[in-house]
**Q** 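Structure below; questions to follow.
Below, chain A is the first sequence line, B the second, and so on; all start at residue 1.
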Amino acid sequence: MSFDYQSKLNAAQYEAVTTIAGPVLIIAGAGSGKTRVITHRMAYMLDSGIPQAQILALTFTNKAAREMSQRVKDLTGKKLQALTVSTFHSFGVKIIRENARLLSRRDNFSIYDEGDKAQLIKETAMEMGFNANTLDVYEISNLFSAIKTGMKEWQSSSDRYRTLFDEYQKGLQLYNAVDFDDLILFPIKLFRENPEVLERYRNRFRYVMVDEFQDTSMQQYEFMRFLAEKNICVVGDDDQSIYSWRGADFENIRKFERDFPDLKEIKLEQNYRSTGTILAAANGVISHNTNRKKKSLWSGNDSGKPVEIFMPEDEKKEAEFIAEMIQTIRIREKLNFSDFGVLIRTNNLNRAIEEAFLDSNIPYTMSGGTSFFQRKEIKDIISYLRVIANPDDDINLLRIINTPRRGLGRKTISEISAAADAQNCSIWTAINSINDRNGMLFQEKSGDNLSEFADFIRSRRSEMLSGKDLANKVRKMVEDIDYWSYLVQEYQKNEKAARYKFLNIENLIASISVWEKDPDNFDKSLYDYLNRITLMSRDSLEDEYSGKVNLMTIHAAKGLEFPVVFIAGAEDGIIPHARSIEEGEGNIEEERRLFYVAITRAQSKLFISSCMKRRKAGNEIECTPSPFLSEIPENLVEHHEPAPQLETSEAIDILAKMKARFGS
DNA sequence: GTGTTTACTTTTTTT
DNA sequence: AAGTAAACAC
C-alpha cells in the first residue's frame, strides 16, 4: 500500500474504501466526503493490484469526471491511461462508436443536441404536412424523450405524433445521427441483442462504480445492471435527487437493494463541510419531505454564524447587495473570489447579478446558461466541422449550405431537399448525384454553386479527417469561407458585435488547440472533438475557475462547495418553481431537495435573498418569499435590515410584509 | 434571391 | 426587453 488509508478516513469511509468486492451501497449525506471516498476507493483498488482497465467509474457531469480522475491521479501519482472515468453519456458514445454497425450507424455518426433535434422534428413535421403554427416543437421534443426513455407511453392525446416520431427516428438513421437519449438506449439495445458483445464488456470492466446514484434514470440503471456482475458500488443520497424531470428515479436505490440482496450498505453521516448552523438549517428544511430514507446527518464543526436572510426591493438591489457583500467579506476574511458561490434556480436570473459584477469589477464565471457553443457564430463553424465529419448530417448541412451566402437560396434548397426525399437519401448524396448529371435540375449558376460547395466539403474532408493540427486547419477553413466578410456584412450597423463574434471564433480555435495539446487525451480526431463538445455544451468551457466568483444554477452546483454561498431569488414561484408545481403537486418535494442542495453547498456562511419585486418579461411583479424560508428554524436566522427610505408608501408596504412574514 | 419590417412569445432545471 | 420567425418589399 502506498499510503495509510486508515488515518485519512473515518471508520465508515474506511470501510467504504476498502470493500471492493461484491455489491456496495453507499448512502452519502451532503458533505460527508463522498468524492473523497470514491477517489480513495479507486486508488485503493489500483494499490491492490487491480488493473486500471478493469475499473469503470460513471458520473453525471464532465466536471465531476474530470475532477475525479485528477484526484485519483494526484493520490496515486500514476498515469491513468486505461482507467475509465466518464459520464454515462460519454461512455455511451464510446460503446456506440465501437459497435456502430450493429446499431445501424457508421462510426462517424453525429450527436444531435436539443437544437438539432428540434430542427429535425420541425423539418420532418413540415414534410409530413403538420401545421407550422400549431406545432409546439418544444413539447414534442420532450414527448419524444419521454417515450424513448420509457417515462411515458403513447396515449390517445399524443397519438397523432406517432408517425412523426417514426419519421424522426428514420431521419436520425438516414442522417447517421443519434440524439442524447440514444446515447443510453443504444448500448442497452446492443447488450440485449448481442450477448457476446455484452460478455466482452463484462470481462473488461470487472469493477463498476456509479456516482450520484440517486440521479440515475431507469435506463441508466439498466445500462449499469448489464455491465455489473458483482463488484458494483453505487454512491448516492436520496435527499439530493434533483433530476426526476430527466427520468431520474431515486427508487433505484430500493431497486438496487432488491437486485443485490447480499449488498453491504454503508452510511456516511458525518458532515465535514458545513457549520452546525448551516447543517441544522438544511436538516430543518429537508425534514419536511415525507418520502426519504432515514438518516441523521451530523456535524462535528462549530455552529458558526447565522444564516442571513435579506429581502431587497428588487433584483437590482439584490445583485448590488451580493456584489457588495462579496467585496467586503473577501477583504475582511482574506478570501479569494473563487470562494464565493452565487446560486440561482433558473438561468435567466443571472442578468442583474452579472451586471452588478461587471459594475463592481468582480471577476466571475457563469456556468450553464447560453453556453459558448450556442452562439450563432460558433454554431456555424461547428456545423461546418460536423458536416465535414459526417456529410449526411442534413440538419447541419442545411445550416451552412448558404452561410456565408453562396447563392443557394430557398428555391435551390427546396429542390435539392425534394430530390433527396424522392430518393430517400441524405441531401449530401442528392447533391452529388445531381452533380454527376451536370446539374440539369438547376439553373447553371445554382448548379455551379452547389458543386463548388460539394468540392469544398470534400477537400476539407480529406484534409481534416486525418493528420494533425486541427486548430490550424479550422482557422484556414474560416478564412476560406471568408466568414469575417460575412460577419461584417451581417452586422453593418454594429461593427463591435462583428468583432466580438470573430473574437469568439478565435477563442474556439484556441480551445481546439489547447485540447489538441493535452497529453492526457490520446484520441485527437475530429470526431472526438465534436463528440466531446456536444456532450460538454452546457459545461463550462474555461478551465480557469481560479480567482472568479462562481455564478451558477443550483443544478450545476451539485457536488460543489464554497465557503460563502448566496442563494438569490428565493421567492415563491422561483423556488419552488411555478412550472414545476404546475406539473404536479408532488414536485414540491423535489423543489425542496433542490433548496436543500443549495443550502448544503455552503461551508461557513450562507446568505439567502428574496426580492419584494422583480422584473419579468418586461413588467414588474410583486413577489412573496419562498415557503421554504420559513422551514429554516427561526433561531438560526438573522434578518438583514434593508434600511428602506421610509418616504414612499411602497417602502412602508415592504416593511409590513416583512413583519407579517417574520414577526421581527 | 435577398433585405427589412412587423408580430409575437417567453425555456426550469441538463447530458 | 429581446430575440426569433414570418410576412412583405425590393
**Q** Using the side-chain heavy atoms of A:Lys122, tell me which of these nucleotides is nearest: B:dT15, C:dA5, B:dT13.
**A** C:dA5
**Q** Rounded to the nearest angstrom, tell me the gap between atom CD in A:Glu315 and atom C1' in C:dA1.
**A** 12 Å
**Q** To the nearest Å, how far apart are A:Asn350 CG and B:dT12 C1'?
**A** 14 Å
**Q** Of all the nucleotides listed (B:dT13, C:dA2, B:dT15), which has the minimum atom distance to the side chain of A:Thr61?
**A** B:dT15
**Q** With hydrogens left out and only the distance checked, is there a donor-acceptor pair under 3.5 Å joining A:His577's side chain and the base of B:dT12?
**A** no
**Q** Just checking A:Tyr243: base, sugar-phosphate only, or nothing, at a heavy-atom cut-off of under 4.0 Å?
**A** sugar-phosphate
**Q** Suppose we screen for side chain to side chain contact (heavy atoms under 4.5 Å, CB included). Which residues come up paired with A:Glu354, at least two apart in sequence or across chains?
**A** A:Asn350, A:Tyr364, A:Met366, A:Leu551
**Q** Strictly below 4.0 Å, heavy-atom distances to any atom of DNA chain B: list the hits from residues 581-600 of chain A, or just say none.
**A** A:Glu583
**Q** Would you give the length of the straight line joining atom NE2 of A:His288 to atom CZ of A:Phe628, rounded to the nearest 0.5 angstrom?
**A** 10.0 Å
**Q** Mind calculating the distance between NZ (A:Lys63) and P (B:dT14) to the nearest angstrom?
**A** 11 Å
**Q** Check the phosphate of B:dT11 against A:Arg579, side-chain N and O only, distance under 4.0 Å to OP1 or OP2. Yes or no?
**A** yes
**Q** Would you say the rings of A:Phe453 and A:Phe456 are close, in the sense that their centroids are separated by under 6.0 Å?
**A** no
**Q** Taking atom P of B:dT12 as reference, at what distance in whole Å does atom NE2 of A:His555 sit?
**A** 13 Å
**Q** Among A:Phe191, A:Phe226, A:Phe223, exactly one meets ring-ring contact (aromatic ring centres under 6.0 Å, His included) together with A:Tyr201. Which residue is that?
**A** A:Phe191
**Q** Does A:Lys376 reach a base, just sugar-phosphate, or nothing at all? Heavy atoms under 4.0 Å.
**A** sugar-phosphate
**Q** What about A:Phe205 and A:Phe91, are their ring centers closer than 6.0 Å?
**A** yes
**Q** Go through the structure and list residues passing side chain to side chain contact (heavy atoms under 4.5 Å, CB included) with A:Asn504, not counting sequence neighbours.
**A** A:Phe372, A:Arg375, A:Glu377, A:Ile378, A:Tyr500, A:Asn507
**Q** Ring of A:Tyr243, cation from A:Arg246 - is the NZ or CZ under 6.0 Å from the centre and inside 45° of the axis?
**A** yes
**Q** With centres under 5.5 Å and planes under 30°, do A:Tyr138 and B:dT11 count as stacked?
**A** no
**Q** In whole angstrom, what separates A:Arg601's CZ from B:dT13's C1'?
**A** 15 Å
**Q** Send over the distance from A:Glu139 CD to B:dT12 P, rounded to a whole Å.
**A** 13 Å
**Q** Hey, what's the ring geometry for A:Phe88 with A:Phe60, parallel, tilted or perpendicular (30° and 60° as the breaks)?
**A** tilted
**Q** Figure out the CD/C1' separation between A:Glu355 and C:dA2, and round it to whole Å.
**A** 13 Å
**Q** Hey, is the side chain of A:Asn402 poking within less than 4.0 Å of OP1 or OP2 on B:dG1, counting only N and O atoms?
**A** no
**Q** Can you see if the side chain of A:Asn347 gets near the phosphate of B:dT13 - specifically, an N or O under 4.0 Å from OP1 or OP2?
**A** yes
**Q** Please give, in whole Å, the distance from C:dA2 C1' to A:Arg615 CZ?
**A** 13 Å
**Q** Please state the C1' separation for the pair B:dT11 and C:dT4 - nearest whole angstrom.
**A** 14 Å
